[in-house]
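Data first, discussion second: the structure below is written as structure tokens.
All chains are named by letter (A, B, ...) in the order of the sequence lines, taking the proteins before the strands, and each is independently numbered beginning at 1.
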There are 2 protein chains.
Amino acid sequence: MKLSAGVEWAIHCCVVLSQADRPLPGGRLAELHGVSKTYLAKHLQALARAGIVQPSEGRDGGYALTRDPGGITVLDVVRAVDGPDPAFRCTEIRQQGDLAAPPEECRRPCGVAQVMAEAERAWRTSLAGTTIADLAATVDGDAVRAAL
Amino acid sequence: MKLSAGVEWAIHCCVVLSQADRPLPGGRLAELHGVSKTYLAKHLQALARAGIVQPSEGRDGGYALTRDPGGITVLDVVRAVDGPDPAFRCTEIRQQGDLAAPPEECRRPCGVAQVMAEAERAWRTSLAGTTIADLAATVDGDAVRAAL
DNA sequence: TTGACGTGGATAGAATATGTCCGAGTAAAC
DNA sequence: GTTTACTCGGACATATTCTATCCACGTCAA
Ligand code: FES
Ligand code: FES
């Protein structure tokens with residue numbers, strides 16, 4: 001199991017944006033974290049599609065959060081960047097091969113899939129318990145604002 | 001985030017093995033589930049390295065569980081097949097770029113990394129709460145044993 | 001002796017993640 | 001209103017990983 005590296009970038013960008021009072025360009029956000037401008041832009045686009053950040057074009061444009069940092073959970077960002085697909089995908093192998101179960105036993109989802117789904121639910125619940133505002137409180141907000 | 005498809009194969013194989021009273025060859029396990037023999041063999045080797053199954057070589061050889069199904073958790077199988085690396089890997093981008101935090105502020109792990117680690121802990125805890133024996137109780141054991 | 005089986009590595013192909021590029025469009029400045 | 005600089009957005013390569021296959025070898029039971 002592997003999570004896209006862009007997740008770390010995106011969350012940190014959201015924390016920085018929560019400290020800014022005006023839109024920040026994608027290139028500036030990349031410089032602040034020392035990462036690829038163009039690749040970060042791709043993830044910012046994903047955040048925009050998810051409705052987490054609002055892009056403004058033209059000169060002095062950039063990205064800004066669409067709502068209060070306390071209303072954006074870490075899960076929102078992770079789902080936007082990494083995609084909403086669950087990590088475990090059941091391919092219904094119980095219906096294939098020599099010991100294929102009859103269809104009437106497959107109305108209920110496979111027990112294995114249920115366990116994996118429950119675990120992912122716990123994972124998402126944990127991520128949803130922290131907001132960008134919570135994370136912003138753990139960093140030096142003054143230093144971030146001074147770097148604008 | 002994506003989980004290896006071999007995880008599904010491996011868990012189902014462990015459930016089948018819990019119903020068997022003698023070693024089952026890897027090729028037979030593949031036929032039972034209708035999957036690639038050679039690729040499944042690779043995952044079975046991973047299970048063997050993790051000490052979950054015990055291979056027996058030579059004629060009439062095969063794989064058997066090393067301990068009671070009640071002592072093997074789903075997490076054990078997932079870690080064996082998918083690897084022990086955490087899904088989220090912090091690259092310490094807070095120490096890079098224009099707003100690099102000074103080292104004295106980086107003694108504690110980044111708050112973002114803490115949140116992600118806590119979520120993965122919840123995921124693993126959930127997986128560790130179910131054993132192969134629990135899963136075996138949800139399938140038709142008679143049908144499996146009849147297919148031997 | 002023989003045949004079946006697991007082990008490990010080497011080897012392709014497919015899918016995905018990562019990184020880069022340039023054009024269309026926009027808003028500010030003059 | 002024109003110019004200009006700046007932005008986003010998607011299309012385009014590259015690298016890494018996952019998936020799948022094959023073969024040579026050692027092992028064990030019949
Ligand atoms: S058939 Fe997919 S998890 Fe059991
Ligand atoms: S620096 Fe890696 S998660 Fe914050």
Could you tell me whether B/Glu31 and B/Lys37 make a salt bridge, using a distance below 4.0 angstrom between a side-chain N and a carboxylate O?
yes
Walking DNA chain C from its 5' end, the first of A/Asp82 and B/Gly27 to be reached, judged by nearest nucleotide, is B/Gly27
When rounded to whole Å, the CG to P distance for the pair B/Leu47 and C/dT7 reads 11 Å
Separation of D/dT16 atom P from A/Lys2 atom NZ, nearest Å, is 10 Å
Query raised in the report: Looking across every strand, which nucleic acid part, if any, lies under 4.0 Å from A/Ala5 by heavy atom: base, sugar-phosphate, or nothing?
Result: sugar-phosphate
(message) Distance criterion of 3.5 Å, no angle test: do you see the side chain of A/Gln45 paired donor-to-acceptor with the base of D/dG9?
(response) yes
Salt bridge A/Arg67-A/Asp76, side-chain N to carboxylate O under 4.0 Å:
yes
Rounded to whole Å, OH of A/Tyr39 lies from C1' of D/dA15 at a distance of 11 Å
To the nearest angstrom, the CG-C1' distance between A/Leu29 and D/dC8 comes to 13 Å
Heavy atoms of B/Val15 and B/Ser18 approach each other most closely as O-OG, 2.5 Å
Testing C/dA17, D/dA5, D/dA20 for proximity to the side chain of A/Arg59, the answer is D/dA5
Whole-Å distance, A/Leu40 CG to C/dT20 C1', equals 14 Å
Rounded to whole Å, the CD-P distance (B/Glu31 to C/dC5) equals 10 Å
Side-chain contact check for B/Ala48: nearest option of C/dA10, D/dC28, C/dT7 is C/dT7
*asked:* Looking at A/Tyr63, I'd like to know whether one of its side-chain N or O atoms comes within less than 4.0 Å of OP1 or OP2 on D/dG9.
replied: yes
Of the listed C/dT20, D/dA30, D/dC18, the closest approach to the A/Thr38 side chain comes from C/dT20
Out of D/dA20, D/dG26, C/dG19, minimum distance to the side chain of B/Glu57 belongs to D/dG26
From CG of B/Asp85 across to P of C/dA17 the rounded distance in Å is 17 Å
Q. Using a cut-off of less than 4.0 Å, is there contact between a side-chain N or O of A/Arg28 and OP1 or OP2 of D/dC8?
A. no
Closest non-hydrogen contact found for B/Thr138 with A/Gly111 is OG1-CA, 4.4 Å
Checklist entry - When you check the phosphate oxygens OP1 and OP2 of D/dT19, does a side-chain N or O of B/Ser36 lie under 4.0 Å from one of them? => result no
Exercise for review: Name the nucleic acid region contacted by A/Gly26, choosing base, sugar-phosphate or nothing; use a 4.0 angstrom heavy-atom cut-off, strictly under.
Suggested key: sugar-phosphate
Between CZ of B/Arg49 and C1' of C/dG6 the distance, given in whole Å, is 12 Å
- Query: Taking OP1 and OP2 of D/dT19, is either one under 4.0 Å from a side-chain nitrogen or oxygen of B/Ser4?
  - Reply: yes
* Asked: Would you find a donor on one side and an acceptor on the other, under 3.5 Å apart, between the side chain of A/Ser56 and the backbone of A/Gly62?
  -> yes
Handout entry: Under-3.5 Å donor-acceptor pair between A/Lys42 side chain and C/dG19 base
Key = yes
Using the side chain to side chain contact (heavy atoms under 4.5 Å, CB included) rule, take B/Lys2 and A/Arg89 through it: C-alpha gap first, then chi angles, then the decisive distance, then the call. CA-CA 9 Å; B/Lys2 217 182 67 171; A/Arg89 291 146 300 170; 3.1 Å; yes
